[in-house]
Amino acid sequence: AEAALEAARVAAPETPLRFAALASRAAPEAERRDVLWRGVIELVNAGAPEHARALMQAEGLAEPGPDLPHVTRRDALIVLGQLALGPG
């Protein structure tokens, strides 16, 4: 998970593969969703909103759920606003 987040922080080309690999990891779904949303946040912060949108689409992320940690949910809602207002 940390390798995927680190790749997202710099919008590295291998980011999608890193997040795709998380599907095979034995972890609770809520934990996986937390990492995915953190990846979306990191991608937007790295200036790669198109990659964030692609990750959201690939993982079926539409709205952060109440099962996320408060900070992740808050930041995800902020990023959704940025994506809605931004180009594309």
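All residue numbers in this chain count up from 1 along the given sequence. Computed from a predicted model, the values in this text were never measured in an experiment.
In this structure, the separation between CG on Asn45 and CD on Gln82 is 6.5 Å, given to the nearest 0.5 Å. One finds the CD atom of Glu31 at 12.0 Å from the CG atom of Asp67 (value rounded to the nearest 0.5 Å). In this structure, the separation between CG on Leu36 and CG on Leu68 is 9.5 Å, given to the nearest 0.5 Å. With values rounded to the nearest 0.5 angstrom, Leu83 atom CG is found 12.0 Å from Ile78 atom CD1.
Here the closest heavy-atom approach between residue Pro64 and residue Leu80 is recorded as CD-CD1, 3.5 Å. Across all non-hydrogen atoms, the minimal contact from Ala8 to Thr15 is N-OG1, 3.7 Å. Shown here for Arg18 and Ala7, the closest heavy-atom pair between the two residues is CG-CB, 4.3 Å. For the residue pair Asp34 and Pro69, the shortest heavy atom distance occurs at OD1-CD, 3.5 Å. When all heavy atoms of Gly39 and Leu55 are compared, the pair lying nearest together is C-CD2, 4.1 Å. The two residues Ile41 and Ala76 come nearest to each other via the heavy atoms CD1-N, 3.6 Å.
For the side chain to side chain contact (heavy atoms under 4.5 Å, CB included) test, residues two or more places apart in sequence or in another chain that qualify with Ala1 are Leu22, Arg25, Val35. Not counting sequence neighbours, Ala58 has no partner by the side chain to side chain contact (heavy atoms under 4.5 Å, CB included) test.
Between Arg38 and Glu42, none of the side-chain N atoms (NZ, or NE/NH1/NH2) sits under 4.0 Å from a carboxylate O, so this pair counts as no salt bridge. Ion pair Arg32/Glu29 flagged as a salt bridge, since at least one NZ, NE, NH1 or NH2 atom sits closer than 4.0 Å to an Asp/Glu carboxylate oxygen.
With contacts defined as side-chain heavy-atom distances shorter than 4.5 Å, the pair Leu77/Trp37 does not qualify.
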Full working for salt bridge (charged side-chain N to carboxylate O under 4.0 Å, His left out) between Arg53 and Glu50: CA-CA 5 Å; Arg53 286 186 184 98; Glu50 66 284 350; 5.9 Å; no
